[in-house]
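Here's the structure we're looking at; comments come further down.
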Number of protein chains: 2
Amino acid sequence: MADTLTTAALTLKDIAREAGVSLATVDRVLHNRPGVRPDTVRRVREAIERNSFQPHVAAAELARGRARRFAFVMPSGPNPFMQQIEAYLGEMSGWLSARRLNVEMVATDVFDASVLAASLEALSGDYDGVAVVALDHPTVRAAINDLVDAGTRVVTLVSDVPSSRRHHYVGIDNIAAGRTAGALVGRLVGGRSGKVAVVAGSQGLRDHAERIFGFNQVMASEFPDLSVLPVLEGRDEDERSEQLLARLLGRHADIVGLYNVGAGTQGVAQALNNKALSEAGRDKVVFVGHDVTALTRRLLLQGVMDAAISQNPGHEARAAVRVLLALARGEPILREQEKIRIDIVMRDNLP
Amino acid sequence: MADTLTTAALTLKDIAREAGVSLATVDRVLHNRPGVRPDTVRRVREAIERNSFQPHVAAAELARGRARRFAFVMPSGPNPFMQQIEAYLGEMSGWLSARRLNVEMVATDVFDASVLAASLEALSGDYDGVAVVALDHPTVRAAINDLVDAGTRVVTLVSDVPSSRRHHYVGIDNIAAGRTAGALVGRLVGGRSGKVAVVAGSQGLRDHAERIFGFNQVMASEFPDLSVLPVLEGRDEDERSEQLLARLLGRHADIVGLYNVGAGTQGVAQALNNKALSEAGRDKVVFVGHDVTALTRRLLLQGVMDAAISQNPGHEARAAVRVLLALARGEPILREQEKIRIDIVMRDNLP
DNA sequence: CTCAAAATGAGTTGCGTACCTCAAAACGCC
DNA sequence: GGCGTTTTGAGGTACGCAACTCATTTTGAG
């Protein structure tokens, strides 16, 4: 009836006895310290395996004494999504200090490869772990690899550098996110045929490019009645996005759907709400965008926006910390837990 | 540039000095032990506040010695959703044993109030925390309250007993889940008018009843062109669900949408796939159901199912453990982290 | 076989807290 | 003021591990 999921609590002493060596030797093996014969190492490792021994986290943490230092390297501009991540880190402060973890925010221009790389290099040696919103660029990749070589744990956050040797990526699969947006626009348009507009920050940004790729994939294969118009590059700025989109809406009377890939949501919404349009008796344009912010929340409730694709910023913040901590402790990572999901948020499941 | 989120590491000794008392007195205050004058208690509490002191989790954990025992009281039947929860708990076994946490599974008939209550009462005193998939019934409520009074931490899992004094509920808002299902069916039907079928396990189950309530709310207010047919009670059984639904589909040629509230998904899908129907040249029925399992995953990929409302079972399992642990340690709960979201899962964002 | 180098054993200290004991001091009551 | 009671102080031990020292044993090269 009662089925236990955990094993008895062994200690290092038990392992030492099992392996027929002293505590000191087990300690050497456990921490990869030199001066142990390969054969002895094997014996100790086997004893650890055989008993599926887990060092007591609390004891290990207590014994090492020094606190751990983590750095979060984030964009300096006023980006609501990044501000949310910071806010959620702030909410964890009690959790962090109870574990003697120091988390520092480092603001930098993440869009300038050399500036970002310099910021990363500056952290070398001082930190146990670094989370970075990374630009995918050779210079940045090199800086990340340098950090890793220096023994610092590195996770990329939101935006990945797959070619680097970062230990982990905390963020969503942006191609799948684009596909999801495509499926939503297609389905919510509801059988009408017509054109679909796409507004992005820049196609040079890896995440935006990937989202557009996924979006087009789905539109082409599953919704032949909808044709996707060339991407508007709004640079994530409200004014520019509004102007570009307004012009496009004026030119094409049969736009039935809209995918806003990045920020600039305010401008996009404004262009859609334009009086001239509604007076022309047009159908509502299906509007799918990204992220749940105060603005998109309002737009969803008002019905201006139909769905938001979201990556939970709180989850990302906590996952980054947990992954860095697990890496530093040498604990396994709970992949399922740290995986960031693509959330579809509509009015009725607003978090 | 670098902004730290945590404070200096104080110890109990520092607090004792600050408050002008001895370590022993601080300890007494911290653990609500008797024998301290109210005035002294206040002085100590103030010193703790003033320095926002946090006991070192690792040290506390190490010092208390004994392992903690948690029990998960779950339905005994072969329910895939519950099996997933168990599986995810199994995946945590390393994490658990590194923290000297013992988690035991207790299978019982959660649909029989007196049996469930007896199972709960039997746990009294032996466990630090209990997570229970609870039936909302006065007898169960009393059993939960008894556990709480005995000092055991109790969280309800998946299904809540709001009137009890359980410390926390780990699960979704089922009314909102039903609303979300309604919005999805309504939107995905795409402007067609017709009838909508609803299949539930039983309207006597609190979560099913709440989902249906939310579903009807949205259908009535937002989709006047769709009329909801009386609920079919399939008792979460495949065969029964299939028969009931097949009969309904035969009677109403204009069914355009279907909401499956609980399990029995296999049967529902079979009824929809019936040859007789497809040969009649009917439109596809929009099918929205719950939970991502091997089956619903396949149905989504095949296009039989259009969307699944999901509560992440892995998240629920981990959240339950974390909440119990935080409660036992007297740590604050990260509400944002432990909140279970209503996930909308379509083919392209299948996890 | 010899001897230096490598491997190992034995032991210590300290991390911050929980939990306990015992003695001393402060207190309130008559 | 004396008494018993309550409150407080002082101190110790234990938890499991990291990190270190130093002595001792084993090993392999010459």
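Residue numbers begin at 1 in each chain, while the letters A, B, ... track the order of the sequences.
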Salt-bridge criterion met for D149(A) and R165(A) (N-O under 4.0 Å) = yes
NZ/NE/NH1/NH2 to OD/OE distance under 4.0 Å, R329(A) and E61(A) = yes
The residue among I144(A), L123(A), V73(A) that forms side-chain contact (heavy atoms from CB on, under 4.5 Å) with V154(A) is I144(A)
Out of D160(B), V155(B), L157(B), N145(B), which one pairs with R166(B) under the side-chain contact (heavy atoms from CB on, under 4.5 Å) rule?
-> D160(B)
Hey, is the side chain of T25(A) poking within less than 4.0 Å of OP1 or OP2 on dG9(C), counting only N and O atoms?
-> yes
Using a strict 4.0 Å threshold on nitrogen-to-oxygen distance, state whether E331(A) and R99(B) make a salt bridge.
-> yes
Carboxylate-amine/guanidinium contact R33(A) D27(A), below 4.0 Å | yes
R42(A) and E46(A) ion-paired at < 4.0 Å | yes
Show me the protein contacts with nucleotides 26-29 of chain D, counting only N or O atoms at under 3.5 Å.
none

How long is the span from the CZ atom in R17(B) to the CG atom in D14(B), to the nearest 0.5 Å?
-> 5.0 Å
Using a strict cut-off of less than 4.0 Å between a Lys/Arg side-chain nitrogen and an Asp/Glu carboxylate oxygen, indicate whether D136(B) and R141(B) qualify as a salt bridge.
-> no
Measuring from K13(A):NZ to T11(A):OG1, what's the distance to the nearest 0.5 Å?
-> 6.0 Å
Protein-to-nucleotide contact annotation, 5' to 3' order, nucleotides 14-25 of chain D [B base; S sugar-phosphate only; - none; under 4.0 Å, heavy atom] | -BBBSB------
Bend angle of the helix from dC1(C)-dG30(D) to dC30(C)-dG1(D), from helix axes over five pairs at each end, nearest 10° | 10°
